[in-house]
Each structure stands twice: as structure tokens, then as C-alpha cells.
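Input: a single structure, listed below in C-alpha cells.
Keep in mind that the numbers below use all heavy atoms, side chains included, and drop hydrogens, waters and symmetry copies. In what follows, chains carry the letters A, B, and so on, assigned in the order in which the sequence lines appear, proteins first and then strands, with residues in each chain numbered from 1.
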Amino acid sequence: MKKEQLLDLYYQMVLIRRVEERGAELYQAGKIGGFMHLYIGQEAVSTGLIAAREPRDRVITAYRDHGVAINCGISADSVMAELLGKATGMSKGKGGSMHMADTSKNMWGGHAIVGGHLPIAAGFAIGDQYAKNDNITICMFGDGATNIGYFHEALNIAKTWGLRVLWVCENNQYGMGTAVERASAVDEIRQKAEGYGMKNSAVNGMDVMAVYEAAKEAMDFIRKEGQPYFLEINTYRFRGHSMGDPERYRKAKEVKKWQENDPIGIFNKYLLDKKVASRKALDEIEARVEEEVIKAVEFAETSPEPAMEELFTDIYAD
Amino acid sequence: MAKITMREAISQALMEEMDRDPAVFIMGQEVGVWGGTYAVTKGFYDKYGPDRIKDTPIAENAILGGAIGAAMVGQRPVAELMTINFAFSAMDYVVNQAAKLRYMFGGQFMLPLVIRAVGGGGRQLGATHSQTPDAVFAHFPGLKVVSPGTPEDAKGLLKSAIRSNDPILFIEHATMYQVRGEVPEGEYTIPIGKSKIQREGSDVTIVTYCKGLELSMKAADELAKEGIQAEIVDLRTLRPLDMEPVLESFKKTNRAIVVEEGWKSYGVGSEIVSRIYEEAFDYIDAPIIRVAQKEVPLPYNRTLEQAALPQVHDIVAAAKEVLK
Ligand SMILES: Cc1ncc(C[n+]2csc(CCOP(=O)(O)OP(=O)(O)O)c2C)c(N)n1
Ligand SMILES: [Mg+2]
């Protein structure tokens with residue numbers, strides 16, 4: 001990877017972190033409502049993954065979607081505006097935190113029914129197969145989502161029909177308060193793909209370069225072979241499941257241990273060790289992000305509410 | 001009488017029935033270690049342990065299908081759906097299996113199942129997480145649908161539901177867990193399938209249930225200030241529907257509105273209005289008005305969402321309209 005590209009990945013990861021830290025404050029202040037699920041701790045996953053895609057490849061994910069949105073090139077302004085439910089958000093304030101999408105950037109949402117978007121991802125690939133192109137659909141979901149029927153139906157049809165989907169399980173060790181081993185028959189989740197005869201691997205999700213390499217390899221395979229691939233990415237969410245999680249199910253010590261493996265810290269060190277950038281250059285990136293986030297909050301706060309007529313638009317196309 | 005919250009009332013009902021009958025157990029997502037998404041089962045896991053408080057995977061079909069099977073072989077499961085919206089992920093089990101198995105096999109077994117589900121909008125959760133699809137479920141014979149509007153009713157009805165030998169969908173409202181109300185001391189149950197007059201009045205009948213009751217009570221206070229006495233009939237059970245108190249009230253007031261949180265088309269109000277036309281046509285003095293949700297999926301934005309949901313002022317306006 002070129003230096004500029006590496007620094008861009010660093011920029012994206014820091015931007016996700018700061019947007020969410022500000023988002024959490026705005027939530028506490030009552031300016032954001034509904035459910036908000038933070039990606040803090042998991043930034044390396046979507047950053048590494050999406051860096052490996054071609055712009056024509058589609059991305060679809062669950063409700064923990066702010067990071068994915070930013071990695072797909074949606075602006076911090078737009079993300080912040082959607083969080084505040086403003087007309088300038090990418091979903092016009094109708095979707096909120098869980099429903100960020102910008103199909104012009106091949107970001108197809110933000111889906112809040114656990115596992116519900118997996119068969120839809122298979123459907124994107126059915127559409128692409130029908131159109132005889134070799135686009136890939138990157139479908140991200142949590143460990144908890146692999147226990148629902150949707151997951152199994154989607155993987156089965158993907159392998160049977162030779163669909164170009166990169167299935168990405170973000171194993172952050174918990175589905176809400178339920179640890180993987182309390183809910184899943186196998187705790188190495190890629191074994192489920194094994195059951196469908198699907199090529200698979202696992203990677204450390206705290207290391208953005210490792211994620212990027214694994215995704216690149218998987219996508220080369222998918223493109224060439226016209227087959228799906230299953231990638232398990234091991235990671236951890238540093239914050240609660242959503243805002244207002246009492247976190248009775250895990251120990252502070254465990255959280256602290258993972259936080260010592262901060263993906264941003266790891267990548268910062270990598271860039272310094274490999275002499276890709278000086279500390280000053282990285283500080284500058286962080287300063288640039290600070291400014292961008294301040295501007296995004298200002299943009300969102302001064303943006304108009306959606307007009308009352310918007311209640312009745314977008315229901316039907318005809 | 002003690003004043004407790006809806007949350008406490010539901011929690012007490014569950015605990016009392018678990019203590020009373022060892023066949024009762026709870027299964028659902030985050031009911032145990034977490035203590036229930038809405039803290040209804042807080043403390044249950046420590047008291048009853050993992051055999052009776054089962055934290056399930058995110059697998060609505062396995063939860064409902066599993067509970068149906070356990071009920072068929074003699075247990076009394078209370079299956080919890082984190083929200084009623086997730087019933088759609090397992091719709092077959094609610095309307096095609098639970099509602100039909102006993103009938104189809106000539107009554108060879110009972111199906112003593114309670115599905116507790118949290119419904120309702122108003123929390124900015126977006127279109128898929130904010131629905132009030134009660135009427136959809138009430139459409140199916142074989143299923144009973146209960147949706148209380150006060151802590152007293154919630155406790156008494158849930159206890160009856162757990163003791164009932166039939167599958168019952170018990171719908172709670174996500175914004176009502178903090179609602180406080182008087183609850184009788186000691187043991188009591190309330191029969192399923194009985195509507196209740198929650199407030200007496202002589203000018204106009206308001207037929208409603210669940211969240212609609214909370215709103216209608218406030219609307220009745222407003223109307224009273226203007227000298228209009230509204231009588232409020234709380235359905236409490238949508239199927240089997242008890243029209244007696246509704247018709248009795250209507251024959252007195254000759255004017256009615258129906259208030260529900262769900263969509264108007266093909267809704268609870270549509271059913272109530274039809275029944276009044278069928279059974280009390282001669283008593284109708286004015287067209288009956290339905291107050292319901294605007295016909296849109298609920299948006300995230302707070303102002304828009306509130307505009308789509310029925311409000312107290314909508315009820316007041318509708319009551320005045322039928323009195324014109
Ligand atoms: C069908 C369905 N059931 C339950 C829920 C409630 N719910 C939302 S997120 C979640 C946990 C999901 O865990 P996981 O897939 O591991 O994703 P993570 O939140 O860890 O990113 C649950 C149970 C839902 N949204 N949809
Ligand atoms: Mg998870």
C-alpha cells in the first residue's frame with residue numbers, strides 16, 4: 001500500500017472514533033434519540049475491509065454502521081446530520097443511527113433486524129450474477145447474527161448458486177449481553193461456513209493491515225472463482241451494546257485488556273515503526289479530524305429539520 | 001392498594017406464577033444475565049437459575065417453535081420477544097403453528113403458551129422497530145391477543161394468561177413501563193376476554209386499549225374541562241373481543257370514537273366500528289371516528305414521528321367532532 005493510502009486509513013479510523021465520541025456526547029445531551037450502537041474498538045474491521053474493495057463492490061451491514069458509512073466515503077457532516085435526524089442526513093433524518101445508506105457510494109445500509117440483511121446481500125449478488133458482472137457484495141454482520149435462520153439460508157444459497165459475496169462476521173465476542181459460547185454451537189464461527197463447504201478464514205480485527213490483506217485475498221478468490229467466501233474477524237466493542245447498556249455481563253478487567261489492543265493505537269505504532277509517517281504527521285491528521293468533526297456538529301445542528309411533508313414521501317415510487 | 005409501575009406489575013405476575021407452578025419457565029433474548037431488555041426480569045436469573053430463565057440465541061423461530069413444542073408436551077413456557085417487530089421473523093410460529101396445531105389435530109393436546117412482546121412507537125427507533133401491529137395478530141382465530149393499559153390489568157391478565165391452556169400473545173407498550181397505578185394487595189387474576197369501563201361518562205364513548213388508554217384518559221380530562229363527559233371502554237383483550245361494555249356504553253351515548261396506536265386501515269377501529277354498525281345501528285347519532293397512526297412507516301426524526309402517532313389533541317378533536 002502507498003504511503004498516502006496508509007495515512008488515509010489512519011485518517012478514516014480516527015475520524016470514526018471522534019465522530020462517535022462526539023455522537024455519544026450529543027446522545028447524552030438528548031440531541032440524538034433512538035438506539036445508537038457505537039463502533040469504537042472495531043474501527044480496523046470496516047476500514048481494512050472497505051479499503052480492499054473496488055468502488056463498484058457493494059457494502060451492506062447491520063445497525064452498527066457509522067464506521068462503515070465513513071469508510072464508504074459518506075461525509076462526517078452527513079453522518080452527524082442523520083444522527084440528529086436532520087433533512088441533510090443521507091437518509092433525510094428518517095433513518096437515524098441504525099439506517100445509514102448512500103447507494104451512490106455503494107453503501108446499502110444500515111439494517112436493524114438482526115440477520116435480515118443477509119439474504120438481501122445474497123440478492124445483490126443474484127442481481128449482479130444475472131447482469132453477468134463480477135461485482136462483489138461485502139456483507140457484514142455480528143457473531144449473534146450467525147444464530148438466526150437468515151444466516152444459514154443466505155450462506156446455503158450463496159454457495160449453491162455461486163454468488164459473489166464476501167460474508168464478514170465481526171465477532172466482537174458478544175451479541176448484546178450474551179457471550180458467543182453461550183449462544184453459538186461453535187465459538188469459532190467460521191466453522192459454520194465450513195458446514196456449507198465455503199472457503200473461509202479468520203483474522204485479527206484489531207490490526208487494520210491484517211484485515212486489509214485478508215480481505216484482498218478473499219476478494220481475489222471471489223472475483224476469480226465466482227464463489228462466496230467467509231471471513232471471521234475477531235474484535236471487541238469497547239463501549240456498551242448501545243447507549244444505556246448496564247454491562248452486567250462482562251468484567252471491567254476484560255474490557256480493559258482489550259482496550260490495551262486499541263486498533264488505532266496499534267496502527268499508529270505500525271506507521272511510526274515502519275517509518276511511514278512522523279509523529280508530527282499523525283498529529284496533523286488528528287488535528288484535521290478534530291476540525292472536521294467540529295464542523296460536522298455545527299453543520300448538523302444548524303441544518304433544518306425535515307419538512308412535515310417528508311412524512312408522506314418515499315413510501316411508494318409510483 | 002399499592003401504587004406500582006407497569007414494569008413491577010408484570011414482573012410480579014411472572015414471579016408469582018413461577019413460584020406457584022414449576023412448569024412455568026421463561027425463554028428469550030437477554031431475559032437472564034442482562035435482566036431483561038426492559039428490566040422486567042431483573043433478579044430472576046439469580047433467583048431461578050438458568051433452567052427456568054433461559055437466555056436464548058438470537059433465533060426467534062427457535063424461541064417460538066421451541067416454546068410451542070415445550071407447551072405441547074406439558075410445560076408452561078413464557079416466551080419473550082424483545083420487540084413485537086421480531087415476531088415477523090417468526091410469523092409462521094405465531095399465526096400458523098401456535099394458532100392452529102390444536103385444532104388441526106382434533107384437540108389432542110393443549111398449547112399453554114404465553115408470548116410476551118413489546119410493541120409501540122414513540123422512541124425514535126425507526127420504521128422496523130416501532131410498530132403496533134396488534135390487529136394483524138388479532139386477525140387469526142386460534143390465537144388470543146391481550147394488551148393491557150394499566151398495571152392492575154397487566155398483572156391480573158398476565159397471571160390468567162400463564163394459567164390459560166391456550167396460546168396467548170401478550171402485548172406490552174415500550175413507553176409504558178414507568179406508568180404507575182393502583183394494584184390490589186395479594187393474589188388476584190383478571191379474566192381474559194373482558195372489556196372494562198375505565199372511566200364513566202354520558203356524552204361520548206371512547207373505545208381504546210393499551211397506549212390508547214393512557215392518551216384517552218388525558219383527553220377525557222381535557223374534555224371534562226369543557227363540560228364533555230367521555231366514557232372510556234378499555235378492550236384489554238383484542239381476541240376474543242368483548243363488545244358488551246362497548247355496546248352498552250354506546251347505547252347510552254350514541255356517539256363514539258375509537259383510539260388505537262396502529263394504522264387505521266384494517267385496524268382495531270375498523271373492527272369496532274363494524275361491530276357497532278352490525279349490532280347497534282339504531283343507536284348511531286353521528287359517524288364514528290377512528291383516531292389512529294398516519295399511514296406511513298414511522299420515521300426516526302422525533303417531530304415527524306410524533307406527528308404520525310395519535311396524540312391527546314387528536315382524541316379531543318375527534319370527540320368534539322362526533323358531538324357536533
Ligand atoms: C430479529 C431480531 N432479533 C432481535 C433483535 C434485537 N437485537 C438487536 S442487536 C442484537 C444483538 C446482535 O448481536 P451481534 O449480531 O453479535 O452484533 P453486535 O451488536 O455485537 O455488533 C439483538 C439481540 C433484532 N434487532 N432483530
Ligand atoms: Mg456481537
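Heavy atoms closer than 4.5 Å to chain A are found nowhere in B:Q29, neither backbone nor side chain. For A:I32, the parts sitting under 4.5 Å from any heavy atom of chain B are the backbone and the side chain alike. With a 4.5 angstrom heavy-atom cutoff, B:K54 does not touch chain A via any of its atoms. Residue A:H241 touches chain B through its side chain alone, counting heavy-atom pairs closer than 4.5 Å. For A:Y150, the part lying near chain B is the side chain, with the backbone staying farther off; criterion is any non-hydrogen pair under 4.5 Å. No part of A:A87 comes within reach of chain B, as not one of its non-hydrogen atoms sits under 4.5 angstrom from that chain. Neither the backbone nor the side chain of B:T83 comes within contact range of chain A, judged by heavy atoms closer than 4.5 Å.
Here the side chain of A:N147 pairs no donor or acceptor atom with the backbone of B:A59 at under 3.5 angstrom.
Heavy atoms of other residues, nucleotides or ligands lying less than 6.0 angstrom from NZ of A:K257 number 12 at most. Under a cut-off of 6.0 angstrom, the local environment of CZ in A:R182 is crowded, with over 12 non-hydrogen atoms contributed by other residues, nucleotides or ligands. Counting heavy-atom neighbours within 6.0 Å of B:K100 NZ, excluding the residue itself, gives a total above 12. By the 6.0 Å contact criterion, NZ on B:K42 is open, its count of non-hydrogen atoms from other residues, nucleotides or ligands being 12 or less. Enclosure of atom CD in A:E298 is not indicated, since only 12 or fewer non-hydrogen atoms of other residues, nucleotides or ligands lie within 6.0 angstrom. Counting heavy-atom neighbours within 6.0 Å of A:F312 CZ, excluding the residue itself, gives a total above 12. Atom NE2 of B:H139 has 12 or fewer heavy atoms from other residues, nucleotides or ligands within 6.0 Å.
Taking every heavy atom of both residues into account, B:Y300 and A:G33 meet most closely at OH-N, 3.1 Å. Minimum heavy-atom separation, B:T303 to A:M308: CG2-CE, 4.1 Å. Taking all atoms of both residues into account, the shortest heavy-atom contact from B:L125 to A:M98 is O-CE, 3.3 Å. Heavy atoms only, all atoms of each residue included: B:S89 and A:I113 are closest at OG-CG2, 4.0 Å. The heavy-atom pair separating A:A112 from B:H129 by the smallest distance is O-CE1, 3.1 Å. The shortest non-hydrogen separation linking B:P57 to A:A183 is CG-O, 3.3 Å.
The line from CG of B:N301 to NZ of A:K92 is 13.0 Å long, rounded to the nearest 0.5 Å. To the nearest 0.5 Å, the span separating NZ on A:K94 from CG on B:L298 amounts to 12.0 Å. Atoms CE and CD, on A:M36 and B:Q124 in that order, are 12.0 Å from each other to the nearest 0.5 Å. One distance of note links CD1 of A:I148 with CG of B:N61; it measures 7.0 Å at 0.5 Å rounding. For the atom pair CG (B:L304) and CD (A:E310), the distance works out to 8.0 Å, reported to the nearest 0.5 Å.
Ranked by heavy-atom pairs under 4.5 Å with chain B, the list A:G149, A:S91, A:G95 is led by A:G95.
Ring geometry for B:W34 against A:Y249 counts as parallel: the plane angle stays under 30°, on a 0 to 90° scale with 60° as the upper cut.
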Name the atoms and distances for all side-chain donor-acceptor pairs under 3.5 Å in residues 174-181 of chain A, with sequence neighbours left out.
unit_1	atom_1	unit_2	atom_2	d
A:Y174	OH	A:E254	OE1	3.2
A:Y174	OH	A:E254	OE2	2.8
A:T178	OG1	B:E30	OE2	2.8

